[in-house]
Amino acid sequence: MKVILSLVVILVTLAAGFAGEAVGDSVKELKEHSLAMVKDAEDMVAHGGMGDAAAIVHHCHEVTKHAESILKALPPADAHGKEATPHLQEAIRQCQRVAKFGDKVDPGVTLNPGTKARAAVREAAKHIAAMKDEAAQ
């Protein structure tokens, strides 16, 4: 009986250790995706200013991929994660508008939802960064 109890304690301890590592990895992953998402959003608007509709569509697609990855990795109980969620969803929604327009339209048409997506990305990144600071403490 004592052996079984000892094994249970060891397994619970190991599981807790692995759960802690998973949270750390997901926080690091969130940070990486957030930085990449902001870079793509900034590049999207910069190319839009130069009149490159294909680049707007491409970068918006990348923003959507990063936002979806972040949404999947956000801890559901984290307050900053909850605050970032609607901004990530808004970025995805605006990028879906860009994809619907495609790259054959005037770049000004896709730049408007692209700019809105960038604003949502920036706001989400602020909340994700705040989440990182709390996790580090």
Side-chain angles (χ1 to χ4, degrees):
M1 187 68 168
K2 287 182 182 180
V3 173
I4 294 173
L5 243 136
S6 297
L7 286 174
V8 169
V9 169
I10 290 170
L11 290 174
V12 168
T13 305
L14 285 173
F18 288 130
E21 288 175 15
V23 169
D25 288 344
S26 69
V27 168
K28 182 179 178 185
E29 183 180 303
L30 285 172
K31 183 178 181 180
E32 291 170 2
H33 278 295
S34 178
L35 291 174
M37 181 177 63
V38 170
K39 183 181 181 328
D40 274 312
E42 295 296 341
D43 288 349
M44 170 182 55
V45 174
H47 285 287
M50 293 184 267
D52 189 353
I56 296 172
V57 172
H58 166 75
H59 286 294
C60 218
H61 176 71
E62 294 299 314
V63 166
T64 300
K65 286 180 9 184
H66 290 299
E68 289 172 346
S69 295
I70 291 169
L71 282 171
K72 289 178 187 173
L74 279 175
D78 187 85
H80 292 293
K82 288 179 183 176
E83 291 176 16
T85 299
H87 300 292
L88 293 167
Q89 291 169 339
E90 177 64 16
I92 292 169
R93 190 170 23 260
Q94 293 300 330
C95 283
Q96 287 171 343
R97 286 182 58 205
V98 168
K100 187 174 84 173
F101 290 132
D103 62 351
K104 302 298 183 215
V105 299
D106 181 77
V109 173
T110 56
L111 189 57
N112 183 21
T115 304
K116 290 178 181 179
R118 180 185 65 178
V121 163
R122 286 177 173 173
E123 194 61 32
K126 288 179 192 175
H127 292 296
I128 292 168
M131 187 174 69
K132 306 294 180 216
D133 293 339
E134 280 187 5
Q137 292 177 357

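- No donor-acceptor contact under 3.5 angstrom links the side chains of H87 and E123, judged on distance only.
- If you chain together hydrophobic residues whose side chains sit under 4.5 Å apart, I128 and V38 fall into the same group.
- Distance check, rounded to the nearest 0.5 Å: CD of E32 to OG of S69 gives 11.5 Å.
- Between V121 and A91, the shortest heavy-atom distance links the atoms CG2-CB, 3.8 Å.
- Of all heavy-atom pairs between P107 and G51, the closest is CG-O, 3.2 Å.
- Here the CE atom belonging to M44 is positioned 7.0 Å from the OG1 atom belonging to T115, to the nearest 0.5 angstrom.
- Linking ILVMFWY residues whenever their side-chain heavy atoms come closer than 4.5 Å, directly or via other members, places I92 and L30 in the same cluster.
- Distance CD/E62 to SG/C95: 10.5 Å, rounded to 0.5 Å.
- Put simply, CZ on R118 and CG on D40 are 13.5 Å apart, with the number rounded to the nearest 0.5 Å.
- Counting heavy atoms from C-beta outward, R122 and E42 have side chains that approach closer than 4.5 Å.
- Paired with V57 under the rule side chain to side chain contact (heavy atoms under 4.5 Å, CB included), one option of V105, D52, D103 passes, and it is D103.
- Residue H66 holds its NE2 atom at 8.5 Å from CE of M37, rounded to the nearest 0.5 Å.
- Alongside M50, the hydrophobic cluster contains no other residue (criterion: ILVMFWY side chains under 4.5 Å).
- To the nearest 0.5 Å, atom NE2 of residue H80 and atom CG of residue L74 are 12.0 Å apart.
- Two different hydrophobic clusters hold V63 and I56 under the rule that ILVMFWY side chains link at heavy-atom gaps under 4.5 Å.
- A salt bridge links R93 with E90; the closest basic N to acidic carboxylate O contact falls under 4.0 Å.
- The minimum heavy-atom distance between Q94 and A117, with the atom names listed, is CB-CB, 3.8 Å.
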